[in-house]
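Just so it is clear: chains get the letters A, B, ... in the order the sequence lines come, proteins before strands, and each one is counted from 1.
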Amino acid sequence: MRVLIAEDDRDLARQLLKALDAAGYVADAVANGEDAQHLGETEPYDAVILDLGLPLRDGLSVLRAWRGAGRAMPVLILTARDRWHEKVEGIDAGADDYLAKPFQMAELMARLRALIRRANGLSQPEMVCGDLRLDTRQGNVTLQGMPVSLTAQEYRILSYLMHHPGQVISRAQLTEHIYAQDFDRDSNTIEVFIGRLRKKLGADLIETRRGMGYRLAAPGEGGEDAGPAKAGP
Amino acid sequence: MTTGGDARTGDGLFDRLRLRSLSLRLVVSALAWIAIVLVVAWFGLVALFRNHLEADLDARAQFDLNRLIAALAVDEQGDLLVEGKVASRIFAKPYSGRYWQVAFGTGEDGGTAAEGPAGAPADDPASAGQPLRSRSLWDQSLPLDMPPPDADGISRWREEGPAGQNLLLLGRRIVLPDASEEVLAVVGRDRATIPAAVEAFAWQLGVALAGLAAGLAIAIGLQVWFGLAPLRRLRAALGRLRGGAAPRVEGRWPGEVAPLVDDLNAVLTHNEAVVARARTQAGDLAHALKTPIAVLANAASSQAADLPELVEQQSQAMRRQIDRHLARARAAGSAERPGARADLGEVAGGLVRAMRRLHARPGLELALQAPPARILFHGDREDAAEILGCILDNACTWAAGQVRLTLSEDMPAAPGAEPQRRFLQVTVEDDGPGLSPDARNAVLGRGVRLDESVPGSGLGLAIVRDLVAIYEGGLTLDASPLGGLRVALRLPGHLETEEAKRQPERAA
């Protein structure tokens with residue numbers, strides 16, 4: 001999951017980056033409205049944390065520009081403007097959530113998780129796929145009730161796949177959503193990570209659609225899609 | 001004291017300058033008007049006087065003419081004859097300024113044919129065609145290019161006469177009973193007296209009017225000084241006010257100044273109240289912040305194990321106090337704008353949209369019931385949003401699945417009732433766990449939080465209570481038929497129905 005942070009306070013931006021990283025997100029941080037608008041229009045973010053009092057271009061107009069350009073990613077406004085008429089204005093501009101400063105990092109993370117989940121049509125914080133469970137609150141994964149230890153990249157890939165159940169995710173798409181903007185991307189490494197995930201979670205959990213991408217095999221339909229060779233446990 | 005005195009003289013000088021400019025304005029405008037009026041009067045009077053002199057001269061000339069005509073006769077030879085004593089001594093004195101001349105016909109040949117016996121007496125008979133002249137004409141004759149007569153049959157004209165005199169000439173053609181021909185009778189009078197008299201009159205009049213102007217100017221100065229005396233008195237009163245000798249501007253004031261003084265006193269009272277309130281609020285906030293600070297300081301020195309939680313808790317408490325005082329300060333400012341109006345329906349609509357987004361959980365339904373009219377809150381739009389937003393947010397946080405917001409008029413007032421005294425009824429209900437009666441009192445009494453795990457619950461209602469109190473409304477909590485809490489608000493406002501909207505039009 002890739003998140004854009006538009007926040008001009010350097011300390012707060014650093015704290016946010018740290019917290020997001022710890023929660024298994026990758027994040028880009030920008031400190032002014034023009035950069036924010038540009039990145040939001042060109043990069044596929046899963047969520048945005050937007051400050052309203054940004055230099056160069058104010059947060060509300062950045063948000064309106066995104067919505068006007070058809071960008072539908074969930075946006076959480078994080079601002080010191082805490083009066084209700086300001087919140088209404090923010091929501092009417094297209095925000096999905098509104099958090100007033102000062103705030104607690106735990107609350108921000110909870111709201112961000114919920115936003116991303118809702119944007120993907122999921123209601124529960126815990127995602128299940130067969131015996132596999134991923135708890136976005138804790139950031140842990142269990143297989144048949146047993147905790148599985150994943151690296152950060154492996155967790156990101158699995159989390160992204162589990163947020164899009166039943167969808168075929170291309171390698172490029174995965175790359176875009178698990179690396180920050182300035183990271184030297186190499187989509188071949190995705191294959192390596194997928195291989196490791198298969199080793200840890202079972203070979204038939206993630207299917208490869210040749211030329212298209214990857215897909216989490218939902219229980220019960222794994223047989224049809226992956227071929228009849230796979231037998232039950 | 002010396003500095004205060006200096007400041008006062010400085011202001012005094014300034015005030016005096018201002019005052020002088022005010023009196024200057026009055027004096028200058030009055031003097032300008034007087035000058036205009038007096039100059040016009042001078043010209044008018046001089047013209048009248050000149051007209052009068054001209055008319056007088058005309059009357060005298062007419063008298064001469066009439067006497068001349070009355071004395072005219074024709075003798076047996078048909079010659080003209082001037083009988084009696086037309087010739088007073090003034091007509092005998094050469095170039096005396098008064099002349100007469102009579103002749104038959106047009107008299108155009110009079111100039112040449114007038115050679116009667118030289119130096120003939122005035123009443124010598126003249127042969128036909130020979131004009132008779134007064135001796136004062138001596139060897140000259142009167143010019144006879146007569147204009148057509150005026151309405152009274154007399155022709156009037158001016159011409160240079162003997163010795164360069166500027167003459168007024170009156171002439172008349174008459175038919176004598178025994179004469180065969182028309183007789184032309186002309187009298188002349190020197191006008192020289194008129195310009196001299198007019199000049200003398202104009203000069204004397206100018207002096208008199210200048211004296212009048214001086215008198216009026218003095219009167220105006222006195223009037224301004226006397227009329228503006230209350231302002232000087234007011235300045236002195238303000239000086240006392242500043243020096244702290246008096247809390248208000250007191251005393252009896254003329255009708256023009258009294259409203260100003262009353263307004264000034266009202267502003268002073270208002271300012272005192274504002275300062276007092278600001279002082280109280282600053283004090284309240286300071287006291288409210290002292291407790292969390294003390295707790296934090298103690299915890300820091302005792303190195304308590306739960307320090308992080310304590311810091312968290314106490315900073316929350318401090319934030320609540322700051323929010324509350326900020327909200328109160330904002331509202332105190334806006335509640336004093338008596339004309340403020342906000343469309344509560346619109347505010348509620350925006351909030352409902354926001355709540356649906358902010359509390360987007362499955363199964364939560366938010367219903368808004370409002371009459372089909374403009375619902376006008378008598379106050380600031382942002383305060384209305386703050387009041388409704390806090391209550392709705394609480395309701396959505398606690399509700400199991402249903403929140404209902406109802407807007408209506410408190411007591412449908414009789415048509416034409418004064419909108420200032422009307423109220424709106426706003427209720428927010430939810431189907432959450434609700435509050436016990438004790439808890440309701442607690443929530444309204446202090447900014448306590450009943451459940452620390454749900455953020456913002458207590459704080460919001462405290463702010464709402466403060467705002468509602470500032471708007472002199474009402475806030476009650478009870479149980480809702482939905483199962484949870486019902487918050488009922490009474491806020492100043494009214495419904496603007498189509499009928500009410502049409503009413504003033506019909507009246508107008």
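Using a 4.5 Å cut-off between heavy atoms, A/D97 contacts chain B through both its backbone and its side chain. Contacts of A/R118 with chain B are made by side-chain atoms alone, with heavy-atom separations under 4.5 Å and no backbone atom involved. For A/A114, no part lies under 4.5 angstrom from a heavy atom of chain B.
A/D28 and A/Y45 are linked by a side-chain donor-acceptor pair at a separation below 3.5 angstrom, with hydrogens and angles left out of the test. There is a side-chain donor-acceptor pair under 3.5 Å between A/S61 and A/D58. When only modelled atom types and interatomic distance are considered, B/E309 and B/Q313 share no side-chain donor-acceptor pair under 3.5 Å.
Here A/D9 pairs with nothing under the side-chain hydrogen bond (donor to acceptor under 3.5 Å, both in side chains) rule; sequence neighbours left out.
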